S.K.: 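Mind looking over this structure? Questions follow.
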Amino acid sequence: QVQLVESGGGLVQPGGSLRLSCAASGTIFSIESAGWYRQAPGKERELVASIGSIGVTHYADSVKGRFTISRDNVKKTVYLQMNLLKPEDTAVYFCNAAVVRYYGDHPKAYWGQGTQVTVPS
């Protein structure tokens with residue numbers, strides 16, 4: 001089985017920074033793409049940032065220039081560095097990863113349990 005565990009969320013003042021981590025464990029051959037999503041109360045889950053197997057990144061317009069996604073393939077961990085945080089960044093942040101569990105397997109998507117980020121207005 002594969003587990004994704006997020007950490008690093010919390011309460012931060014506007015303009016502050018947080019670094020989220022998503023650690024994958026279990027039977028893992030490789031992690032293909034990975035991404036961070038967020039869901040604010042009463043809103044749909046949205047993609048914040050994604051990173052491909054060779055490091056190509058994509059960002060939502062609302063976070064470009066402020067957030068940076070990265071990955072450490074040895075540690076099987078994906079990070080989201082969030083700077084210049086705004087109240088509208090308040091949400092539960094979820095990690096998603098397409099994991100290949102063994103050689104020849106097809107990638108399967110897994111989700112973490114989420115971590116709360118709160119930026120008071």
Side-chain angles (χ1 to χ4, degrees):
Q1 190 55 282
V2 173
Q3 285 189 320
L4 302 180
V5 178
E6 299 105 331
S7 61
L11 174 69
V12 62
Q13 293 301 311
S17 299
L18 283 175
R19 188 193 194 203
L20 304 183
S21 299
C22 172
S25 63
T27 303
I28 299 172
F29 176 76
S30 66
I31 297 175
E32 301 300 295
S33 60
W36 286 95
Y37 292 71
R38 66 186 180 188
Q39 188 165 19
K43 295 188 176 181
E44 293 186 353
R45 190 173 298 190
E46 63 173 354
L47 176 65
V48 175
S50 63
I51 185 166
S53 58
I54 58 172
V56 176
T57 58
H58 168 81
Y59 297 94
D61 288 342
S62 59
V63 306
K64 280 182 182 176
R66 300 188 298 124
F67 291 11
T68 302
I69 189 171
S70 61
R71 59 190 291 168
D72 185 326
N73 292 330
V74 174
K75 294 183 178 179
K76 297 184 178 63
T77 301
V78 180
Y79 304 96
L80 185 68
Q81 177 66 44
M82 306 187 294
N83 299 327
L84 299 174
L85 283 160
K86 305 175 181 180
E88 50 263 45
D89 295 319
T90 296
V92 178
Y93 284 70
F94 297 90
C95 175
N96 172 273
V99 177
V100 176
R101 291 174 296 165
Y102 49 86
Y103 180 78
D105 187 23
H106 295 289
K108 181 180 178 181
Y110 293 87
W111 288 92
Q113 81 289 350
T115 185
Q116 177 71 46
V117 171
T118 302
V119 187
S121 56

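Numbers here simply count residues along the sequence, with the first being 1. What you are looking at is a predicted structure, and each value in this text was computed from that prediction instead of being measured.
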S.K.: Taking the six-membered ring of Tyr79 as reference, does the cationic atom of Arg71 (NZ for Lys, CZ for Arg) lie under 6.0 Å from its centre and within 45° of its axis?
M.R.: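 Negative - Arg71 is either too far from the ring of Tyr79 or too far off its axis.
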
S.K.: Any side-chain heavy atom of Val117 within less than 4.5 Å of one from Thr90?
M.R.: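 They are not in side-chain contact.
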
S.K.: Is there a continuous path of hydrophobic side-chain contacts, each under 4.5 Å between heavy atoms, that joins Tyr59 to Tyr37?
M.R.: no

S.K.: Starting from Tyr102 and following side-chain heavy-atom contacts under 4.5 Å between hydrophobic residues (I, L, V, M, F, W, Y), which residues can be reached?
M.R.: none

S.K.: For Ala97, enumerate each residue passing the side-chain contact (heavy atoms from CB on, under 4.5 Å) test, keeping only those at least two apart in sequence or located in another chain.
M.R.: Leu4, Ile31, Ala34, Val99

S.K.: So, are Asp89 and Lys86 salt-bridged, with charged N and O less than 4.0 Å apart?
M.R.: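 Here Asp89 does not pair with Lys86 in a salt bridge, since their nearest N and O are not under 4.0 Å apart.
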
S.K.: Would a distance-only check, ignoring hydrogens and angles, find a side-chain to backbone donor-acceptor pair under 3.5 Å from Thr115 to Gly9?
M.R.: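 Yes.
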
S.K.: I need the minimum non-hydrogen distance between Gln113 and Val5, along with the two atoms involved.
M.R.: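 Closest approach of Gln113 to Val5: OE1-CA, 3.8 Å.
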
S.K.: Quick check: is Val63 connected to Leu20 through a chain of hydrophobic side chains (ILVMFWY, heavy atoms under 4.5 Å apart)?
M.R.: yes

S.K.: Would you find a donor on one side and an acceptor on the other, under 3.5 Å apart, between the side chain of Thr77 and the backbone of Lys75?
M.R.: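 Checked: pair present.
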
S.K.: I'd like to know if the side chain of Ser30 pairs up with that of Glu32 as donor and acceptor (distance under 3.5 Å, no hydrogens or angles considered).
M.R.: yes

S.K.: Work out which heavy atom in Pro120 is nearest to a heavy atom in Pro87; give both atom names and the distance.
M.R.: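 The pair with the smallest heavy-atom distance is O-CG, 3.8 Å.
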
S.K.: Can you hop from Tyr110 to Val92 via hydrophobic side chains spaced under 4.5 Å?
M.R.: no

S.K.: Between Leu18 and Leu85, what is the shortest heavy-atom contact and its length?
M.R.: N-CD1, 3.9 Å

S.K.: For Tyr93, run the side chain to side chain donor-acceptor pair (under 3.5 Å) check against Gln39, Gln116, Arg38 and tell me which one passes.
M.R.: Arg38

S.K.: Keeping the roles fixed (side chain from Glu6, backbone from Cys22), state whether a donor-acceptor pair exists under 3.5 Å.
M.R.: no

S.K.: As an exercise, state the distance from CD1 of Ile69 to CE of Met82, rounded to the nearest 0.5 Å.
M.R.: 11.5 Å

S.K.: Which atoms form the tightest heavy-atom contact between Arg101 and Val2, and what is the distance?
M.R.: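 Taking Arg101 first and Val2 second, the nearest heavy atoms are CG-CG2, 3.9 Å.
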
S.K.: Distance from Gln3 atom CD to Gln1 atom CD, nearest 0.5 Å?
M.R.: 7.0 Å

S.K.: Does the ring centre of Phe67 sit less than 6.0 Å away from the ring centre of Trp36?
M.R.: no

S.K.: Tell me, which pairs form a side-chain hydrogen bond (donor to acceptor under 3.5 Å, both in side chains) where one or both residues lie in residues 7-24, sequence neighbours left out?
M.R.: Ser17-Asn83

